[in-house]
There are 2 protein chains.
Amino acid sequence: MMSSSNECGTVFIVDDDASVLKGISRIVRLAGYEAVTHTSAEEFLHQAKPSSPSPCCLVVDLTMPGMGGLDLQQRLIDTGTNCPVIFMSGNGSIPATVQAMKRGAVTFLSKPFDHDDLLQAISEALGKQMSVENQSRRVIEIRQRIRNLTDREKEVMGWVISGMLNKQIAARMGIVEKTVKVHRARVMGKMQTQSVAELTRLCADAEFPPNR
Amino acid sequence: MMSSSNECGTVFIVDDDASVLKGISRIVRLAGYEAVTHTSAEEFLHQAKPSSPSPCCLVVDLTMPGMGGLDLQQRLIDTGTNCPVIFMSGNGSIPATVQAMKRGAVTFLSKPFDHDDLLQAISEALGKQMSVENQSRRVIEIRQRIRNLTDREKEVMGWVISGMLNKQIAARMGIVEKTVKVHRARVMGKMQTQSVAELTRLCADAEFPPNR
DNA sequence: TATGCTATTGGCCTTTGGTCCAATAACCGG
DNA sequence: CCGGTTATTGGACCAAAGGCCAATAGCATA
């Protein structure tokens with residue numbers, strides 16, 4: 001449970017070979033990371049808990065009985081699990097490497113590999129994870145605010161960030177300008193923005209599109 | 001000079017083996033693309049003309065006398081040349097594949113490869129090229145408008161898209177509000193925008209940051 | 001020196017945006 | 001039927017943004 005000293009990330013390791021798990025686990029722990037091992041992709045999927053406190057990444061073998069590394073990676077993508085993947089392989093093929101990298105793998109290590117290469121990949125993965133995680137957290141926050149808007153308010157916001165005047169918005173929505181002002185004010189309040197510029201950026205980040 | 005019929009893209013092919021050039025060239029032309037061959041990376045760099053009319057991509061061998069495929073790819077990146085790269089290799093290594101993909105290669109084909117794999121890769125590359133090119137064209141357009149702004153106008157724009165009021169901007173710049181209004185009006189004119197929301201999006205796309 | 005561009009400011013007036021207080025109406029779950 | 005939420009509108013008022021016309025000053029280049 002307790003890692004060595006400085007808690008700077010969790011590394012999930014998945015390989016059907018117990019000795020490999022043991023070896024990599026040792027390397028990872030010595031570098032100050034927490035290591036969690038699994039002997040199959042299925043086991044990992046059942047037990048893995050999403051990253052809450054510290055960033056994490058996954059070191060996985062390409063070929064395993066049952067679900068392989070590529071399948072696992074695809075599964076993570078499908079379930080929206082944001083966790084960088086580092087591949088290992090004894091007899092990896094170029095096509096497998098291409099596919100893994102296309103899907104966003106951090107790197108693809110051929111066994112046997114240098115310990116430093118692994119640690120460097122882990123460092124890169126955790127760094128990437130952290131920045132993506134930060135961005136993701138922000139987007140989730142913004143979307144939460146948007147969910148607190150009523151349909152009418154969302155509609156008005158869409159027009160506002162498209163640069164329409166209150167008068168024009170009112171015309172399009174078939175209501176009076178005064179009503180638009182009210183909705184607009186509520187939008188700014190709920191979105192916690194002080195200006196249209198800010199609001200525009202928030203919506204862009206949350207992929208909330210302007211109305212045509 | 002004249003390609004077969006439908007001009008839907010140019011494929012630059014670089015390989016030191018003339019027979020390979022000939023073979024691939026034939027496949028590419030039969031698929032309706034224009035093929036341009038070079039026997040070395042150096043030769044390509046000297047003679048290549050940037051894409052003006054039709055989209056283009058590059059099919060390059062990994063290992064060649066002199067500058068290799070990876071070196072060529074790096075060179076293109078360094079010079080800001082936006083051209084998708086497809087790698088070919090007879091005896092490619094995993095590390096080379098990883099590096100190529102990390103730098104944005106479309107794919108990495110092991111010789112001998114299926115003709116359809118190559119054509120699919122080319123199709124993907126040209127599609128990518130086109131969308132990137134469109135986006136890039138837009139950004140260049142916006143930056144051109146920004147270049148037409150005077151320093152003072154740029155400064156005001158930075159404050160405007162950060163959501164500041166004219167009064168606040170005036171205070172920060174040590175000038176009168178009236179002057180800010182004038183600059184602001186010129187900014188909206190030169191940037192061809194009708195609203196702060198629009199302006200904010202243009203600046204975001206052109207990576208022109210709001211003032212702190 | 002003259003001309004042109006830029007920055008700066010003033011006044012005046014109109015349009016827009018935003019706030020406060022208040023009120024009506026529809027709808028929904030208890 | 002009542003209380004809570006949402007949508008809607010009104011009036012009064014103030015602040016902010018923009019347009020139009022005009023003017024001064026510094027600077028660089030022809």
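Residue numbers begin at 1 in each chain, while the letters A, B, ... track the order of the sequences.
- Closest approach of A/M191 and A/I146 over heavy atoms only: CE-CG1, 3.6 Å.
- Atom P of nucleotide C/dA7 and atom CD of B/E155 are separated by 10 Å, given to the nearest angstrom.
- Other residues, nucleotides and ligands place no more than 12 heavy atoms under 6.0 Å from the CG atom of B/D151.
- End-to-end axis angle of the helix from C/dT1-D/dA30 to C/dG30-D/dC1, from C1' rotation axes over five pairs per end: 40° (rounded to 10 degrees).
- In this structure, A/M188 atom CE and D/dA16 atom P are separated by 14 Å, rounded to whole Å.
- The side chain of A/R184 sits closest to C/dG17 out of D/dT8, C/dG17, D/dG19.
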Restricting to nitrogen or oxygen on both sides, can you table the protein-nucleotides 13-16 of chain C pairs closer than 3.5 Å?
residue : atom : partner : partner atom : Å
C/dT16  : OP2  : A/K167  : NZ           : 2.7

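- Atom NZ in B/K154 sits about 13 Å away from atom C1' in C/dT6, given to the nearest Å.
- Heavy-atom contacts from other residues, nucleotides or ligands closer than 6.0 Å to CD of A/Q120 number 12 or fewer.
- Other residues, nucleotides and ligands place more than 12 heavy atoms under 6.0 Å from the CD atom of A/Q47.
- Ring-plane geometry between A/F44 and A/H38 is classed as perpendicular, the angle between the planes exceeding 60 degrees on a 0 to 90 degree scale with a lower cut at 30.
- Contact check, B/R186 against C/dT6: no side-chain N or O comes under 4.0 Å of OP1 or OP2.
- Remark: B/R143 CZ is packed, more than 12 non-hydrogen atoms of other residues, nucleotides or ligands lying under 6.0 Å away.
- Atom NZ in B/K178 sits roughly 13 Å away from atom P in D/dA22 (whole-Å rounding).
- In summary, of the residues considered (B/V106, B/L58, B/N82), a side-chain contact (heavy atoms from CB on, under 4.5 Å) with B/Q129 occurs for B/N82 alone.
- At whole-Å resolution of the value, CG in A/L149 and P in D/dA7 are 10 Å apart.
- Between B/H183 and the phosphate of C/dT8, there is a side-chain N or O to OP1/OP2 separation shorter than 4.0 Å.
- For the pair B/K190 NZ and C/dC5 P, the computed distance is 11 Å after rounding to whole Å.
- Across all strands, B/T150 comes closer than 4.0 Å only to sugar-phosphate atoms, never to a base (heavy-atom distances).
- Rounded to an integer number of Å, the gap from B/D151 CG to D/dC27 P is 15 Å.
- Applying the salt bridge (charged side-chain N to carboxylate O under 4.0 Å, His left out) test to residues at least two apart or on different chains, the pairs with a partner in residues 173-195 of chain A are A/E153-A/K190.
- Relative to the side chain of A/E153, the nucleotides D/dA7, C/dT8, C/dA7 differ in distance, and D/dA7 lies closest.
- Among the nucleotides D/dA7, C/dG17, D/dA17, the one closest to any side-chain atom of A/R152 is D/dA7.
- In this structure, the CG atom of A/N148 is 13 Å from the P atom of D/dT5, given to the nearest Å.
- The number of heavy atoms from other shown groups lying within 6.0 Å of NZ (B/K102) is above 12.
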